[in-house]
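Along the sequence shown, residues carry numbers from 1.
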Amino acid sequence: MSSPEHSPLGKSTVYADRYDASLLFPIPRQGKRDDLGVTHPLPFHGMDVWNGYELSWIDDRGKPVVAVAEFRVPATTPNIVESKSFKLYLNSFAQERMVSADALRTVLERDLSQAAGGPVSVVLRSPGDIEGTLIAEPEGILLDAQDLAIDHYGPPRADFLSAPAGPIVTEALVSHLLRSNCPVTGQPDWGSVQVRYTGAPIDRAGLLRYIVSFRNHTEFHEQCVERMFMDISQRCAPRELTVYARYTRRGGLDINPFRSTDPTARPANPRGARQ
């Protein structure tokens with residue numbers, strides 16, 4: 001069964017240290033998309049950018065190797081991969097001999113593509129390759145300093161959103177106050193979100209209230225971002241829209257969903273200060 005309650009999330013787990021692709025647990029995207037009114041063809045383009053910081057294997061002479069991995073999962077894939085199963089899968093390489101990093105990358109791309117139901121790309125970097133990585137927050141106008149009284153923390157309130165008639169603008173609005181919760185354990189997922197759009201000016205107080213209204217909401221990262229995209233599209237009717245969330249890591253993984261009306265847009269992968 002591919003539903004969260006049947007996943008390994010929130011259960012006592014034996015950590016395998018030998019390769020086991022069966023640990024990956026796919027969850028269909030369409031059930032939640034049906035709830036959100038996401039139809040086909042999809043009203044957005046994009047991908048989920050994952051970063052894995054706890055990946056190690058054994059080389060052909062028995063010496064451990066470590067790497068940081070970047071995974072890009074297209075939004076068109078029919079499944080997401082449940083994050084704890086992803087962690088367990090990566091951990092299963094800990095005592096597995098691989099002839100090279102390229103050989104490992106090939107295995108990762110094959111297994112993750114099969115689980116997601118579409119092509120997943122993988123980049124592996126050694127610690128030396130990521131030395132000096134720039135810490136960069138999402139660019140844009142920060143919403144969080146607004147002097148607001150807020151008393152609603154869930155469920156998300158799309159009616160907070162509005163874009164009164166006005167001159168067309170192109171801008172990016174950013175908040176670091178995003179918080180949502182795991183659908184199974186209720187553990188918090190913390191993040192920052194960037195809303196980049198062209199259209200009538202979005203009411204900033206309403207947008208911040210809307211973002212904060214995810215605080216006690218339970219959905220996976222990818223689902224939260226698709227909900228934001230759909231709600232902003234329907235309530236504010238921008239000509240162009242991109243929503244990009246950068247979540248902090250849990251279990252050595254961070255998940256960063258990106259959804260956009262621009263079919264050519266490809267998200268950068270900076271590391272935020274909290275990541």
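The side chain to side chain donor-acceptor pair (under 3.5 Å) search around Glu240 returns none, not counting sequence neighbours. Scanning for salt bridge (Lys or Arg N to Asp or Glu O under 4.0 Å) contacts around Asp189 gives Arg250, with sequence neighbours left out. Residues passing the salt bridge (Lys or Arg N to Asp or Glu O under 4.0 Å) test with Asp102, sequence neighbours excluded: Arg105. Residues forming a salt bridge (Lys or Arg N to Asp or Glu O under 4.0 Å) with Arg239 (at least two apart in sequence, or on another chain): none. Residues passing the side chain to side chain donor-acceptor pair (under 3.5 Å) test with Asp203: none are found, sequence neighbours excluded. Judged as a salt bridge (Lys or Arg N to Asp or Glu O under 4.0 Å), and not counting sequence neighbours, the contacts of Glu96 are Arg18. For Thr77, the side chain to side chain contact (heavy atoms under 4.5 Å, CB included) partners are Arg29, Val73, Pro74, Ala116, not counting sequence neighbours. The ring-ring contact (aromatic ring centres under 6.0 Å, His included) test applied to Phe214 returns Tyr210, His217, not counting sequence neighbours.
Sorted by first then second residue, the salt bridge (Lys or Arg N to Asp or Glu O under 4.0 Å) pairs that include residues 152-171, not counting sequence neighbours, are Arg157-Asp159, Glu171-Arg204. For residues 254-264, every residue pair satisfying the salt bridge (Lys or Arg N to Asp or Glu O under 4.0 Å) rule, not counting sequence neighbours, is listed here: Asp48-Arg259, Glu226-Arg259.
No single ILVMFWY cluster, assembled from side-chain heavy atoms under 4.5 Å apart, contains both Val65 and Ile58. The cluster map of Ile, Leu, Val, Met, Phe, Trp and Tyr, joined by side-chain heavy atoms under 4.5 Å apart, puts Val193 and Val174 in different clusters. Transitive grouping of hydrophobic side chains (ILVMFWY, heavy atoms separated by less than 4.5 Å) keeps Trp190 and Tyr153 in distinct clusters. Val225 and Ile27 end up in different hydrophobic clusters when Ile, Leu, Val, Met, Phe, Trp and Tyr side chains are linked at under 4.5 Å. Note: the hydrophobic cluster containing Phe220 does not contain Met230 (ILVMFWY, side chain heavy atoms under 4.5 Å, direct or indirect links).
Remark: side-chain polar atoms of Ser113 are not paired, donor with acceptor, to backbone N or O of Arg110 under 3.5 angstrom. Remark: side-chain polar atoms of Ser213 are not paired, donor with acceptor, to backbone N or O of His152 under 3.5 angstrom. Between the side chain of Glu82 and the backbone N or O of Ser85 there is at least one donor-acceptor pair closer than 3.5 Å. Distance alone, capped at 3.5 Å, is enough to place a donor-acceptor pair between the Asn181 side chain and the Arg215 backbone. Remark: the backbone N or O of Met228 is not paired with any side-chain donor or acceptor of Asp231 at under 3.5 angstrom.
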Problem set entry | Verdict with supporting geometry, Leu241 and Ile232, side chain to side chain contact (heavy atoms under 4.5 Å, CB included) | CA-CA 8 Å; Leu241 175 63; Ile232 295 170; 3.9 Å; yes
Problem set entry | From CA spacing to verdict: side chain to side chain contact (heavy atoms under 4.5 Å, CB included), Asp129, Val68 | CA-CA 9 Å; Asp129 293 333; Val68 173; over 6 Å; no
For this session: Go through Trp57 and Arg97 one step at a time and tell me if the side chain to side chain contact (heavy atoms under 4.5 Å, CB included) criterion holds.
Result: CA-CA 6 Å; Trp57 66 97; Arg97 288 182 181 250; over 6 Å; no
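Side-chain contact between Met98 and Thr106 is absent, with no heavy-atom pair separated by less than 4.5 Å. Counting only heavy atoms from C-beta outward, the side chains of Tyr197 and Val169 approach each other to under 4.5 Å. The shortest distance between side-chain heavy atoms of Leu177 and Leu208 falls below 4.5 Å. Annotation: side chain of Val107 is not in contact with side chain of Glu109 (no heavy-atom distance under 4.5 Å). Proximity of Val243 to Phe44: side-chain heavy atoms (C-beta onward) are nowhere separated by under 4.5 Å. Proximity of Leu148 to Arg209: side-chain heavy atoms (C-beta onward) are separated by under 4.5 Å at one or more points. Put simply, the side chain of Arg179 reaches to within 4.5 Å of the side chain of Asn216, judged on heavy atoms. Between Leu104 and Leu55 there is a side-chain heavy-atom pair separated by less than 4.5 Å.
Heavy-atom minimum distance, Tyr89 versus Asp20: CD1-O, 3.6 Å. Between Leu24 and Pro26, the closest heavy-atom pair is O-CD, 3.5 Å. Minimum heavy-atom separation, Ala200 to Pro164: CB-O, 3.7 Å. Shortest non-hydrogen contact noted between Pro183 and Thr218 is CA-CB, 4.1 Å. The two atoms that bring Ala16 and Leu23 nearest to each other are CB-CD1, 4.4 Å, heavy atoms only. Minimum heavy-atom separation, Ser260 to Ala265: OG-CB, 4.0 Å.
Of the N and O atoms on the side chains of Gln275 and Asn51, not one donor lies less than 3.5 Å from an acceptor on the other residue. For Arg271 and Asn269, the side-chain atoms include no donor-acceptor pair closer than 3.5 Å.
Of the inter-residue distances, the one linking Ile255 atom CD1 with Glu222 atom CD reads 5.5 Å to the nearest 0.5 angstrom. Rounding to the nearest 0.5 angstrom, the gap separating the CH2 atom in Trp50 from the CG atom in Leu112 is 9.0 Å. We find the CG-CG distance between Leu90 and Leu253 to be 6.0 Å, quoted to the nearest 0.5 Å. Atom OG1 of residue Thr76 and atom NE2 of residue His40 lie 10.0 Å apart, to the nearest 0.5 angstrom. One finds the NE2 atom of His45 at 9.0 Å from the OG1 atom of Thr264 (value rounded to the nearest 0.5 Å). Remark: Ser100 OG to Asp59 CG distance equals 10.5 Å, nearest 0.5 Å.
Tyr244 forms part of a hydrophobic cluster together with Met47, Val49, Phe258, judged by ILVMFWY side-chain heavy-atom separations under 4.5 Å.
Here the two rings, on Phe71 and Phe86, have centers that are under 6.0 Å apart.
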Distance-only donor-acceptor pairs under 3.5 Å for side chains of residues 135-144, two or more places apart:
residue: Glu137; atom: OE2; partner: Ala273; partner atom: N; Å: 2.6
residue: Asp144; atom: OD1; partner: Ser175; partner atom: OG; Å: 2.7
residue: Asp144; atom: OD2; partner: His176; partner atom: N; Å: 2.8

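Salt bridge present: Arg72 and Glu70 bring a charged side-chain N and a carboxylate O closer than 4.0 Å.
Within a 6.0 Å sphere centred on CD of Gln146, heavy atoms belonging to other residues, nucleotides or ligands number more than 12.
Of the residues Ser83, Ser192, Ser180, the one that meets the side chain to side chain donor-acceptor pair (under 3.5 Å) test with Tyr247 is Ser180.
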